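Positions are given from 1 along the sequence. Everything quoted here is computed from the prediction, not taken from an experiment.
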Amino acid sequence: MKPVFNNLLKNKEFSVSAAILLISSILIFLFTDQFYNGIEEISLWVRAYFGRFYLWLGLGCVFFLLIIAISKYGRIRLGNSPPEFDRWSWIAMLYSAGMGAGILLRAVQEPVYMFINPPIQSGEIAEIISLEYTFYQWGFTAWAFYGLFALIIGYSIFVEKTDVRLSSGFSAFRKVRFLPKTIDILTILTTVIGLVAAIGLGTTQIEGGLSYLQSKPPGTLWQNMGLVFIICALAFISAWAGVNKGIKRISNWNIYVAILLMLFVFLTGNISEILLNFLQSFYHYFLDFIPLSLASGNFDPGVQFLTDWTYYYWAFWLAWAPFTGIFIARISKGRTIREMILGVLLIPSIGSFFWFSVFGTSAFEIIESWNVYNNEFGNVFTSMFVFFDAYPLPIVTSIIVIILLISFLVTSVDSAIFVLSMFTDKGNPEPKKKYRLLWAVLILIFCEAIIVLGQVKPDSNVLTAMQKFLIISSLPFAFLSVAIIILFCRKIIKKTS
C-alpha cells in the first residue's frame with residue numbers, strides 16, 4: 001500500500017490537483033460568502049473585458065476548422081487502422097460527452113425565454129428569432145471549441161505518436177519550465193469543476209422532477225446526495241469497463257431513448273409547423289451566422305443579455321473544450337481530419353437544432369393554447385415536466401426524462417473519469433484502473449461537498465458560483481486556443497512543405 005501511495009505522491013498532476021480540490025473544499029465551506037462574492041465579481045469582469053474576444057475567438061475557430069477540413073490537410077488520417085468505432089457509436093459518444101443533460105435542461109426553457117424576450121430584432125417573427133438564437137448558442141461555435149482541441153490532440157497522439165496530454169502536443173510548451181504541468185493541472189481542475197456544475201444542475205433537475213411528480217417542494221438534501229452517489233457509482237462502473245464496453249453502450253442507449261422521446265413529441269405535435277420552424281430558423285441562422293457571431297447591428301442583443309447568456313455559454317463551452325476535445329480525439333482513431341471536423345461541427349449541431357425545434361415549437365403552441373402565460377416554463381429544472389403535463393402519459397414521459405438525465409450525466413462523468421485518468425497516468429490511452437477509481441472517489445467527494453454546502457448555505461448559491469468559476473478558468477484556455485492555432489499551423493506547414 002505504501003509504494004502505491006508514494007507513487008501517487010510523486011505524480012504531480014494527480015497529487016497537486018487532488019490537494020487543490022480538497023483544500024478548496026475546506027476553504028469554500030469556511031468562507032462561503034466571500035467565495036461566492038469573489039467568484040461573482042471576477043466572472044463579471046472576465047465577461048465584461050473579454051466577452052467580445054470570446055465572440056471573435058468562436059468565429060475564428062469555426063472558420064479555422066473549416067479551412068483545415070477542406071484543405072489538403074483534411075485528408076490526413078488519425079492513425080493507420082480503420083475507425084475503432086462505427087459512425088453511430090462515434091456520434092453517440094461525442095454527443096453524450098459534449099452536450100448530454102444540457103439538451104434536457106434547456107429543451108423547453110431556453111426557446112420559450114427567447115420567444116418571450118426576443119434578443120434581436122431581425123424582422124422575423126418571435127418563434128423564428130427564438131429558435132435561431134437558441135441554435136446559435138448550441139451550434140457550430142460550441143462544437144468548434146470542442147473540435148479545435150480534438151484536432152490538436154488527435155493529430156498529436158495518432159500522427160505524431162505523442163501522449164494524450166495537451167502539454168505534449170507542442171515542443172514550444174516544453175521550453176518553458178513548469179508550463180506543461182501547469183496546463184495539465186489547469187485542465188484537470190477545470191474538468192472537475194465543470195463536472196461538479198453539470199452534476200449539480202442535472203441532479204437538481206432530476207430531484208425537481210421527482211418532487212414535481214410527488215407534488216412536493218423541491219430541494220431534499222438526502223435525495224440530491226443519493227442521486228449524486230448513484231450517478232458517480234454508475235459512471236465509475238462504466239469507466240472501469242472502458243470505452244468499448246461501458247461508455248459506448250451507455251452513449252448508444254442515450255441517443256436511442258432521446259430520439260424516441262423527441263419522436264413522441266414530434267409525432268403528437270404540429271409536424272408541419274415544427275418542420276417549417278426548423279428549416280426557416282436553420283436558414284436564418286446560416287445566413288446570419290457572421291453578424292450573430294460578432295453581435296453586430298440588429299444582431300446585437302445588448303451587453304446585459306450577452307453577459308447573462310452568450311458570453312456565459314462561450315466561456316462554458318471553452319472551459320469544457322480540453323476535456324471533451326481529448327475524449328473526441330480518443331474515439332476518432334482511424335478517421336480522417338476532414339471526417340472528424342465535419343462530423344463534430346455538423347452532425348451534433350443539426351441534431352440539436354431539430355431537438356430544440358421540436359420542443360420549442362410545441363411549447364410555443366402550448367403557451368398560445370393557455371391564452372395567459374405565467375412563466376410556467378421559467379424554471380429550468382421543472383420546465384420539461386410541466387411541458388409533458390400537456391401530453392398523453394405524463395408520468396411515463398417524466399420518468400423517461402429522469403432516467404435519461406441520469407444516463408446522460410453518467411456518460412459525461414465516465415468520459416471525464418477516463419480523460420482525467422489518462423492525464424494522470426502519463427497520457428496512457430488505456431489508463432490504469434486505480435486512477436479511474438481514485439478520480440471517481442474524488443469527484444464524488446467534491447460534488448457531495450458542494451451539494452451539502454449549497455443546502456446548508458442556500459443564500460450563497462454555491463452551485464451557481466461553481467458554474468461561474470468555469471467562466472474564470474476558461475480565460476486561460478481562450479488564450480491557449482489562439483496559441484495552439486498558431487503553433488499547429490506552423491507545425492503542419494513545416495511538416496508537409
Side-chain angles (χ1 to χ4, degrees), residues 47 58 95 98-120 122 124-143 197-198 200-202 204-205 208-209 258 261-262 265-266 269 274 277-278 280-282 284-285 288 292-293 295 299 301-302 304-317 320 348-368 373-388 390 401 404-405 408 463-464 467-468 470-471:
R47 284 178 280 181
Y95 196 86
M99 292 297 170
I103 62 167
L104 289 164
L105 197 71
R106 298 287 189 178
V108 174
Q109 184 264 344
E110 185 165 331
V112 169
Y113 181 88
M114 301 296 171
F115 175 67
I116 302 297
N117 309 279
I120 56 176
S122 63
E124 295 300 317
I125 59 174
E127 289 90 338
I128 301 302
I129 290 174
S130 164
L131 291 174
E132 179 185 358
Y133 210 88
T134 303
F135 290 2
Y136 166 56
Q137 295 190 141
W138 289 79
F140 302 149
T141 312
W143 287 96
L201 284 168
T204 304
Q205 188 182 16
L261 193 68
M262 182 180 68
V265 178
F266 177 65
I274 290 170
N277 282 351
F278 166 68
Q280 284 187 320
S281 301
F282 190 19
H284 286 288
Y285 167 67
D288 303 332
L292 272 173
S293 297
F299 299 92
Q304 188 60 51
F305 184 93
L306 287 169
T307 300
D308 292 340
W309 286 90
T310 310
Y311 294 165
Y312 172 77
Y313 267 130
W314 267 220
F316 201 92
W317 302 140
W320 270 65
S349 295
I350 294 171
S352 296
F353 298 164
F354 192 70
W355 172 274
F356 282 112
S357 297
V358 170
F359 284 93
T361 302
S362 301
F364 302 154
E365 295 198 340
I366 291 171
I367 290 172
E368 288 174 7
Y373 177 62
N374 294 313
N375 203 33
E376 286 87 350
F377 295 136
N379 189 320
V380 70
F381 301 119
T382 59
S383 57
M384 275 289 270
F385 304 103
V386 175
F387 173 83
F388 277 115
V401 169
L404 191 56
L405 274 166
F408 265 128
L463 184 56
T464 303
Q467 296 171 60
K468 290 182 177 179
L470 275 178
I471 295 169

Heavy-atom closest contact ([X] atom, [Y] atom, distance):
X      : Y      : result
Ser349 : Gly139 : OG-C, 3.4 Å
Ala295 : Pro301 : CB-CD, 4.3 Å
Thr361 : Ser357 : OG1-O, 2.7 Å
Ser362 : Val358 : OG-O, 2.7 Å
Gly209 : Phe385 : CA-CE1, 3.3 Å
Tyr313 : Arg106 : OH-NE, 3.5 Å

Rounded at 0.5 Å granularity, tell me how far [atom1] in [X] sits from [atom2] in [Y].
X      : Y      : atom1 : atom2 : result
Leu131 : Met114 : CG    : CE    : 10.5 Å
Ile125 : Phe115 : CD1   : CZ    : 8.5 Å
Phe388 : Ile366 : CZ    : CD1   : 9.0 Å
Asp288 : Ser293 : CG    : OG    : 10.0 Å
Ile103 : Glu110 : CD1   : CD    : 12.5 Å
Met262 : Ile274 : CE    : CD1   : 10.0 Å

Using ring-ring contact (aromatic ring centres under 6.0 Å, His included) as the criterion, point out the one residue from [options] that pairs with [X].
X      : options                        : result
Tyr133 : Tyr285, Phe299, Phe305         : Phe305
Phe359 : Phe377, Phe387, Phe364         : Phe387
Phe135 : Phe353, Phe356, Trp355         : Phe353
Trp314 : Trp320, Tyr136, Trp309, Trp138 : Tyr136

Might you work through the side chain to side chain contact (heavy atoms under 4.5 Å, CB included) test for Asn379 and Gln109, ending with a clear yes or no?
CA-CA 7 Å; Asn379 189 320; Gln109 184 264 344; over 6 Å; no

Side chain to side chain contact (heavy atoms under 4.5 Å, CB included) for Glu124 and Gln280? Distances and angles first, verdict last.
CA-CA 10 Å; Glu124 295 300 317; Gln280 284 187 320; 5.7 Å; no

Is any side-chain heavy atom of [X] closer than 4.5 Å to a side-chain heavy atom of [Y]?
X      : Y      : answer
Trp143 : Thr141 : no
Glu127 : Glu132 : no
Val386 : Val108 : no

With no hydrogens and no angle check, is any side-chain donor or acceptor of Arg47 less than 3.5 Å from a backbone partner on Thr307?
yes

Using atom types as modelled and distance alone, determine if a side-chain donor or acceptor of Ser352 lies under 3.5 Å from a backbone N or O of Pro348.
yes

CA sep, side-chain torsions, deciding dist, call: Thr310, Tyr312, side chain to side chain contact (heavy atoms under 4.5 Å, CB included)
CA-CA 5 Å; Thr310 310; Tyr312 172 77; over 6 Å; no

Centroid-centroid distance, Phe266 to Phe354, less than 6.0 Å:
yes

Apply side chain to side chain contact (heavy atoms under 4.5 Å, CB included) to Ile129 and Ser122, showing your working.
CA-CA 7 Å; Ile129 290 174; Ser122 63; 3.6 Å; yes

